[in-house]
Amino acid sequence: MKKSGRIKRFAVSFAHYALLACALLCTLIPMVWMLITSFKKDSEILKTPVIYFPERLIWDNYSYVWSKAHFSRYFLNTVLVASITTGIVVILSMFVAYGLSRFDFRGKKSMTNLLLLTQFLPGVMLLVPLFVILNNLGLINTFLGLIIVFVAFDLPFCAILLRNFANNIPISLEEAAMIDGCGNFSVLFYIVFPLLFPGAIAISVFSFLASWNEFLFPLVLMSDPNKFTISVGLGYMKGAYAYKYGALAAGAVISLIAPLCIFVFMQKYLIHGLTAGSVKE
Amino acid sequence: MEITKNKRKNRGYSRQRERRYVMMVIIPIVFLLLSILFYPMLSVFYYSVFDYNLMLSKSISFSGIDNYLRMTNDQLFYKSLGVSIIWVAMNIILQAVIGMSVALLLSKSFYGQSIVRTAILSPYAVSGVLASTLWLFIFHDTFGLLNDVLRKLGITVSYISWLSSPSLAIIAAVIAEVWRYTPFFIIILLAALQSVPQDLYEAAKVDGAGVLRRFGSITLPYIKETIVFTCILRAVWEFNSVDVLYTLTKGGPVNSTTTLAMYVVKTAINGSNIGYGSALTAVSFILLTVFTILFIQITRIRKGERLQ
């Protein structure tokens, strides 16, 4: 009896690991393949049958993409836009979340529902009207216009997420501080905001990734090639430099590194943040 | 969790401050936010009754329901609607099934759990453009990884042109989209799985329930609501997702990968026809709203029946 139990358990365990290995392979192979391709010469890439391991690793693709294809500029643009967006989103979210968590006021329920409803609004549908509106405001092709759009997209979700975090912070801390003479706004800054820190990290990761990876809106709202973000730059590369596959691969790797690193190091916060309020306990 | 515990009590002066905070801080922010998001939505309906083409004529003329009438005769509209349904169905089914399976695999502890979990969730950090670029190198006719592997394994002899054949292109696009978005399901489902009380499983095991029975009778009922909600949310997002389609196939070949959302992009952006694009958008919005309401009603009715 015991022996068959042990064999069965081993088989289950083996199947478990085997399936996990499959999932891991399916997930990682595209990225690894791109990495390998980025180090190949163009002639090696186009050769059939496919060469899996290049003779020499060359960096030419990267230097080409960084300077000639202007990826350095795209990289800087994207870092600029994503950072500013994230900063604004985090600050505004903290204020809104605190208010939603601590105060009751007329129309609060409908306001929260409307904020949730914005998540159902599709980006594609807002594309046309937002373009026309920004055009009339003269904000087309400006970083300011892009940042405004990004903040508007990220803020509802982040504010609600942070509200769930704020609900978990006991109000007794604030009350104690106020008894000791702490003013209303000081309470905010010295007590609540520091306690919201893990939540703030979660939403800043979310907001940064969302801004970095956004493609459609920068594509439409920016007409000056110098102001492209890295996603748009990559998209254009596919069209203009269609034959330079090595450079395309290098560009993809460059675009990939920043969000991937951020994700790997921060994923704990992000997952905790995403699920803080979404599952009924 | 009682939120009421954390509410400020209405004591004298602090109530004024509370109202001031709300007025000065929250309401402006939220108002700005909602106007940036909801006002454009309303203007979509407004523009849809105009003949507004950025390139053809500088003048905007009222055209009534012309755009909508044109839609009823537009073959591409109906085709894109069909493609949209196929796109959403394939994506949601694959993402939910694969997402559920992987979430189950990841929920039991094993060696290297956190590293593997990070790796499996990593496509979430990738953008749609990036995902399609990655898969371009796999699906390419001549130097793509997939064709090479298939040939080396002897499964096929000639090269399959994944991206240039109308019937296969959508499959390639779906695979790229599933790769990129399944982690979302996995994250949500993992959290849902962890909320199921563990002692239920042990009790069931003692009573002799097998793996499938445990899953069906314990796990599913607990996470059913989460699954349904996530599916609805994802269905709406997939309907409007154009990043991968735009960069992988641009809606081709022969419009076989043109979903309704892609059609809007092509009409309004590439074709500069804001009026018709707005009309298409309005119809999409109405369809999505109807779909969502129907779905919610159906699941509510089912819940009601079970309670009886």
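Below, chains carry the letters A, B, ... as their sequence lines are ordered, and counting in each starts from 1.
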*Calculate, to the nearest 0.5 Å, the distance between atoms CG and CG belonging to A:Leu24 and B:Leu105 respectively.*
11.5 Å

_Under 4.5 Å from any heavy atom of chain A, what part of B:Leu32 do you find: side chain, backbone, both or neither?_
neither

_chain B contact via A:Ala258 - side chain, backbone, both or neither, heavy atoms under 4.5 Å_ = neither

_For the CG atom of B:Leu130 and the CD1 atom of A:Ile254, what is their distance to the nearest 0.5 Å?_
11.5 Å

_Residue pair B:Ile29, A:Leu155: steps toward the side chain to side chain contact (heavy atoms under 4.5 Å, CB included) verdict_ = CA-CA 10 Å; B:Ile29 296 178; A:Leu155 190 54; 3.9 Å; yes

_Pairs of heavy atoms under 4.5 Å with chain A: top-ranked of B:Ile120, B:Ile115, B:Thr247_ = B:Ile120

*Are any of the side-chain heavy atoms of A:Pro30 and B:Ile138 separated by less than 4.5 Å?*
yes

*So what's closer than 4.5 Å to chain A heavy atoms on B:Lys108: side chain, backbone, both or neither?*
both

_Contact origin within A:Thr37 toward chain B - heavy atom pairs under 4.5 Å_ = side chain

*Please round to the nearest 0.5 Å and tell me the distance separating atom OH of B:Tyr124 and atom CG of A:Asn213.*
9.5 Å

*Out of B:Phe38, B:Trp237, B:Trp135, which one racks up the most heavy-atom pairs below 4.5 Å with chain A?*
B:Phe38

*Hey, what do you get for CE (A:Met34) to CG (B:Leu136), rounding to the nearest 0.5 Å?*
7.5 Å

*Between atom CG of A:Leu234 and atom OG of B:Ser127, what is the distance when rounded to the nearest 0.5 Å?*
7.0 Å

_Please evaluate residues A:Leu126 and B:Ile36 with respect to the criterion side chain to side chain contact (heavy atoms under 4.5 Å, CB included), reporting the C-alpha separation (whole Å), side-chain torsions for both, the decisive distance (0.1 Å), and the verdict._
CA-CA 10 Å; A:Leu126 296 178; B:Ile36 295 182; over 6 Å; no

*Do you know the tightest heavy-atom contact between A:Ser231 and B:Val129?*
O-CG1, 3.8 Å

*Heavy-atom distance under 4.5 Å to chain B: side chain of A:Ile133, backbone, both or neither?*
side chain

*Please flag which part of A:Val132 lies under 4.5 Å from any non-hydrogen atom of chain B: side chain, backbone, both or neither.*
side chain

*asked:* At a 4.5 Å cut-off on heavy atoms, which part of B:Val30 comes close to chain A: side chain, backbone, both, or neither?
replied: side chain

*asked:* Determine whether B:Leu106 and A:Leu20 satisfy the following criterion, side chain to side chain contact (heavy atoms under 4.5 Å, CB included), listing intermediate values before the conclusion.
replied: CA-CA 8 Å; B:Leu106 286 176; A:Leu20 276 171; 3.9 Å; yes

_Please classify the contact between A:Val264 and chain B as side chain, backbone, both or neither, with a heavy-atom cut-off of under 4.5 Å._
both

*If you look at every heavy atom in B:Thr118 and A:Phe263, which pair is closest and at what distance?*
O-CE2, 3.9 Å

*Determine the minimum heavy-atom distance between B:Tyr111 and A:Tyr17, stating which atoms define it.*
N-OH, 3.3 Å

*Where do A:Ala152 and B:Leu37 come nearest, in terms of heavy atoms and distance?*
O-CD1, 3.5 Å

_Portion of B:Val116 that has a non-hydrogen atom of chain A nearer than 4.5 angstrom_ = both

*Top of B:Ser241, B:Ala119, B:Gly277 for chain A proximity - count of heavy-atom pairs under 4.5 angstrom*: B:Ala119

*Parallel under 30°, tilted from 30 to 60°, perpendicular over 60°: which one fits the rings of B:Phe110 and A:His16?*
perpendicular

*Kindly say whether B:Leu134 contributes a backbone atom to a donor-acceptor pair with the side chain of A:Trp33 at under 3.5 angstrom?*
no

*For A:Pro129 and B:Val44, work out which heavy atoms get closest and say how close.*
CG-CG2, 3.3 Å

_For B:Thr292, which atoms come within 4.5 Å of any heavy atom of chain A: side chain, backbone, both, or neither?_
side chain

*Let me know if A:Ile262 has heavy atoms under 4.5 Å from chain B in its side chain, its backbone, both or neither.*
neither

*Based on non-hydrogen pairs under 4.5 Å, which of B:Val102, B:Val265, B:Thr289, B:Val126 is most in contact with chain A?*
B:Val126

*Go through B:Leu145 and A:Ile29 one step at a time and tell me if the side chain to side chain contact (heavy atoms under 4.5 Å, CB included) criterion holds.*
CA-CA 10 Å; B:Leu145 190 60; A:Ile29 281 185; 3.8 Å; yes

*Pick whichever of A:Phe215, A:Phe131, A:Trp212, A:Phe153 has the most heavy-atom pairs under 4.5 Å with chain B.*
A:Phe215

*Non-hydrogen atoms of A:Met31 and B:Ser122 that approach each other most closely*: CE-OG, 3.3 Å

